[in-house]
Amino acid sequence: MKQAKCIVNKHFKIADIDKRVYGSFIEHMGRAVYTGIYEPEHTTADEQGFRGDVIEAINDLNVPIVRYPGGNFLSGYDWKDGIGPKDQRPTRLDYAWFSIENNQFGINEFADWATKAGTQGMIAVNLGTGTPQEAGYLAEYCNIAKGTYWSDKRVEHGYETPHNFKVWCLGNEMDGPWQTCSLSAEDYAKKARETAKILKWVDPEIEVVACGSSSKEMPTFPEWDRTVLETCYEYVDFISLHRYYEYEGNKENFLAAYHDLDDFINTIKATADYAKAKNRSNKVMMLSLDEWNVWYIKHMDTKRWQWAPAIAEDVYSLMDALVVGGLLTTIVNNADRVKMACLAQLVNALAPIHTAPNGAVLKHSTYYPFQQVSNYGRGSVYRNTVVCDDIKTEKYGEVPSLATLTTFDEQAGQLAYFILNTNLDDEVNLNLQLEEFGELELIEHQVMSGNDLFAVNTFETPENVVPQTLPVSTQPGMEFNFTLPPSSWHMIRFNVS
Ligand code: AHR
């Protein structure tokens, strides 16, 4: 058995956690919207066609913000197609996913759905085929009370009260050649800056997010981010990051994703700080990791010109859940700069929640680590000093074998500790020292582990990969010992007095 130690001291706080790091994403992609969150014929659907069983599953994830309507879909989407009487809305070709979009769900339906799902919208504006002016009209339609053309249109459409969306994304992955009307960094930066000006003139209370380069592997990375930030620094509040991982046959590499994400975040922080210096600015640019997840993109099969095709419906394994847990530790440990993050996505398309059309909801393995950290990783995050073995990975070199996270919600008097053991064959005896928090009573220990890292949940065996609750029996104190099985993810909770 390997030995490890983790010391956490209340005086070494990293930051208060912005709850928006537990955000997610609904795109018009595959069956995320149609037969996902919206299916009027479903037995649990309400009068607006929103599936009640899906809302229930989302409620348990405690998601405070949801990005909408895309994603790649966004860059060819005219938001005006999705407003007004449903029988007059056009059916269009969606250039991103080669699907048919019938526009039965648009911005107003999203606003209502978000309220019912207990979340807020993070609205993305089209900077591909769209113009800064059309983005401004959307902000006017959503956030101005009344008395102008677009705000009165909203009232006419039955929405007296403005939606008041507070976060706006300036396009999506505009460096990607797959994007409808992708742009050079210089062209995007100018378009984003001018759009940001209009959006903030319409509503000075909003925050806006500029597109970072769409992945670390892009040739544009990180030069794109530098250019965009230098041009837009004083006009935007966030730079976006997108990051996906998939298992490619090497478990060590895959389980070390948490470490790679940290490296990516650090590079963007450094790039943003360079732009801050170049702009002689006092403002600290925050990061919005508004797409992250495990995604088997290579298995993706687009089906041409179908409505709501089943695309990107990844079935997640135990190993995928471990990786998602590890990524969450990285996100929250960076809470001083990462103020928003979106698990991409929420329903059906690369998502923890799967629906059968006219049928049941299935929670994939990845649902559970997200649920645990989102519900209990609240309050503030603390620095963890970890002494453990490294794992040799082919892709990232030597990486600590343990990923850890400590959060403390002072008001609730609760401390949560999350840990991923990436050792494939070794148990770890962990000595955890929690200093200066007061006396801690261990109240819960949940673990996800098993012999079959490829085990999945199915409609027939929906609880094949779920957290197991272990008995807890230690005396209250400040020091605890745990045995961590090989390849395992843990949530350990304490009451603090
Ligand atoms: O989340 C799926 C897709 O991944 C999004 O549409 C796009 O922004 C990214 O490439």
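Hydrogens, waters and symmetry mates play no part in the numbers below; they use all other heavy atoms, side chains included. Counting convention: from 1, in listed order, for ligands and their atoms alike. We count residues from 1, following the sequence as given.
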Query raised in the report: Do the non-hydrogen side-chain atoms of Arg20 and Val167 ever get within less than 4.5 Å of each other?
Result: yes

Q) Would Leu350 and Tyr296 count as a side-chain contact (heavy atoms from CB on, under 4.5 Å) if you check the C-alpha gap in whole Å, the side-chain angles of each, and the deciding distance to 0.1 Å? A) CA-CA 8 Å; Leu350 52 148; Tyr296 288 90; over 6 Å; no

Closest to atom 10 (O) of ligand 1 (heavy atoms only, candidates His28, Met29, Glu173) is Glu173

Practice prompt. Please check if atom NZ in Lys190 has more than 12 non-hydrogen atoms from other residues, nucleotides or ligands closer than 6.0 Å.
Written response: no

Numbered in order shown, the ligand 1 atoms found under 4.0 Å of a heavy atom of Phe25 are 1 (O)

Note: ligand 1 atoms sitting under 4.0 Å from heavy atoms of Asn72 are 5 (C), 6 (O), 7 (C), 8 (O), 10 (O)

Could you label the plane-to-plane angle of the Trp305 and Phe98 rings as parallel, tilted or perpendicular, counting under 30° as parallel and over 60° as perpendicular?
perpendicular

For Trp295, the ligand 1 atoms with a heavy-atom partner under 4.0 Å come out as 2 (C), 3 (C), 4 (O)

Per-atom filter on ligand 1: closer than 4.0 angstrom to a heavy atom of Asn172 are 7 (C), 8 (O)

Of all protein heavy atoms, the one nearest atom 2 (C) of ligand 1 is Gln345 NE2, 3.5 Å

query: Taking distance alone, with no angle check, do Trp97 and ligand 1 share an N/O pair under 3.5 Å?
result: no

Could you check Phe110 against His163 for ring pair (Phe, Tyr, Trp, His ring centres under 6.0 Å), going step by step and ending with a plain yes or no?
CA-CA 10 Å; Phe110 175 74; His163 301 317; 9.2 Å; no

Do you see a donor-acceptor pair shorter than 3.5 Å between the side chains of Gln446 and His490?
no

One finds that the ligand 1 atoms under 4.0 Å from a non-hydrogen atom of Gly71 are 5 (C), 6 (O), 8 (O)

Counting heavy atoms under 4.0 Å, the part of Phe73 that contacts ligand 1 is neither

All heavy atoms of Glu109 vs all of Arg89, minimum pair found to be OE2-NH2, 3.0 Å

Check your understanding: Are the charged groups of Lys363 and Glu56 less than 4.0 angstrom apart, N to O?
Key -> no

closest protein heavy atom to atom 8 (O) of ligand 1 is Glu291 OE2, 2.6 Å

Looking only at protein heavy atoms, what sits closest to atom 6 (O) of ligand 1 is Glu27 OE1, 2.6 Å

Quick note on ligand 1: atoms under 4.0 Å from a heavy atom of Tyr244 include exactly 1 (O), 2 (C), 4 (O)

